[in-house]
Amino acid sequence: MGLEKSMQLAQLTEKLKSQNAVIGIVGLGYVGLPLLLRFTEVGFQVLGFDIDEKKTSALNAGQSYIAHISSKSIHQAQKKFVATTDFRRAQEADALIICVPTPLNKYREPDLSFVTGTMDSLAPYLRKGQVVSLESTTYPGTTDEELKPRIEKQGFKVGEDIFLVFSPEREDPGNEKFKTQTIPKVCGGTTANCLEVGIALYQPVIDKVVPVSSTQTAEMVKLLENIHRSVNIGLVNEMKMVADRMGIDIHEVIKAASTKPFGFTPYYPGPGLGGHCIPIDPFYLTWKAREFGLNTRFIELAGEVNSSMPHWVITKLNDALNFRKKPIKGSRVLVLGIAYKKNVDDMRESPAVELMELLREREAVVHYSDPFVPKFPKIRKTHFDLASVELTPASVASYDCILLATNHDRFDYKLIEENAQLIVDTRGVYLTASAKVVKA
């Protein structure tokens with residue numbers, strides 16, 4: 001490496017360590033926005049990029065569009081960031097951190113179009129002395145196979161002119177025990193120089209940076225974390241179905257098993273998997289494994305069990321209505337909670353949406369109540385022209401069935417139980433036996 005190259009490495013790492021670098025965050029959603037706020041908190045100047053002008057306008061006006069992130073925190077950070085849809089400004093940034101979705105296509109295969117499209121938009125405005133970090137969950141090899149060629153096509157040498165790393169996001173929306181600063185950050189570089197710059201990028205804002213040997217290792221770390229959860233949730237979902245047939249409450253079982261002080265970690269069943277990571281990540285690995293002639297049977301089996309949960313819940317609901325001499329067709333069903341997890345407004349891959357679709361297919365009259373989602377949003381796969389129903393004794397009593405899909409703390413569960421005709425509980429909220437509660 002020549003003198004010019006070593007000077008670029010030294011200058012960039014020094015700018016990052018001294019917090020004089022300009023940080024670019026690309027994708028201002030559930031991952032990018034907390035990261036933007038953390039960089040501003042320690043004193044960095046930040047450029048926030050997003051293709052959604054509504055988001056950039058809201059941020060520049062000091063307004064948040066994510067329930068668990070306050071507008072006050074946005075307003076307090078305003079002097080340190082600018083949000084923009086103009087990707088030409090990427091050349092102003094010393095670091096570009098990509099936090100965009102990595103969904104599946106209709107064939108349940110990886111869809112990297114957001115990642116590659118973002119890199120293609122940034123590529124014309126790259127310059128020497130920048131670091132590019134991908135945080136989006138993906139299969140091993142993506143950083144070096146998809147981003148590196150796009151950077152080098154612009155005439156740069158990765159590891160000398162521009163530095164490339166993969167550092168998987170670990171955000172858990174709504175979890176008040178952990179925040180961006182306190183969650184350890186895994187980082188792998190395309191070269192040793194890249195890793196050095198990646199560590200310098202994240203050390204000022206993260207309490208503990210965990211370096212690994214390559215971008216592929218860092219990519220696999222993220223998949224292991226989420227597949228671990230997927231497989232264990234699949235196990236407990238299957239045990240739920242067995243326990244239900246035997247007349248045993250799986251939640252009572254888990255509660256008792258959790259008293260063992262070693263060798264047991266509690267996982268909880270539900271109506272299906274939600275969020276961006278756990279329902280999707282296993283498919284990224286299984287798809288890539290086929291390239292190496294491997295079948296991930298254990299992982300895929302867990303995915304099948306988890307994917308079957310919404311149908312199992314609807315079967316339980318249908319049986320409960322039949323027992324009360326009511327057909328599902330024409331019955332009024334109120335779905336409680338449509339976010340994918342409690343106490344957030346995040347609807348990515350929410351199983352509640354599939355439950356609503358299955359009910360609609362069976363011609364039930366479907367409504368929902370969710371204090372975090374006042375109006376059903378436009379999402380890629382489906383849409384309901386609905387607004388959240390206010391829970392009152394009269395409104396609860398007017399439904400043939402209350403389907404508890406997401407157990408937000410804001411729900412008045414006593415009011416619901418006292419006034420509901422029938423409750424199908426997928427979250428183990430009602431642990432005491434009741435003639436009007438069916439556990440699913």
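Applying the salt bridge (Lys or Arg N to Asp or Glu O under 4.0 Å) test to residues at least two apart or on different chains, the pairs with a partner in residues 182-203 are E135-K185.
Side-chain atoms of I23 and L35, non-hydrogen and from C-beta on, never get closer than 4.5 Å to each other. D161 has its side chain out of reach of E152: every pair of non-hydrogen atoms, C-beta onward, lies at least 4.5 Å apart.
Checked by atom type and distance alone, the side chain of T102 pairs as donor or acceptor with a backbone atom of T137 at under 3.5 Å. Proximity of a side-chain donor or acceptor of N237 to a complementary backbone N or O of G270 within less than 3.5 Å is detected. Checked by atom type and distance alone, the side chain of D50 pairs as donor or acceptor with a backbone atom of L28 at under 3.5 Å. At least one donor-acceptor pair closer than 3.5 Å links the side chain of Q130 to the backbone N or O of A93.
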Contacts under 3.5 angstrom, residues 39-46 side chains, donor-acceptor by atom type, not counting sequence neighbours:
| from | atom 1 | to | atom 2 | distance (Å) |
| --- | --- | --- | --- | --- |
| T40 | OG1 | L36 | O | 3.4 |
| T40 | OG1 | L37 | O | 2.7 |
| E41 | OE1 | R38 | NH1 | 3.4 |
| E41 | OE2 | R38 | NH1 | 3.4 |

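Take S350 and apply the side-chain hydrogen bond (donor to acceptor under 3.5 Å, both in side chains) test, not counting sequence neighbours, and it matches no residue.
Contact detail for G274 and Y340: the closest heavy-atom pair is C-CD1, 3.3 Å.
Side-chain atoms of Y65 and D345 form no donor-acceptor pair, as typed in the model, at a separation below 3.5 Å. Between the side chains of S369 and E390, no donor N or O sits under 3.5 Å from an acceptor N or O.
Taking the centre and axis of the six-membered ring of F372, the NZ or CZ atom of R410 falls inside the cone set by 45° and 6.0 Å.
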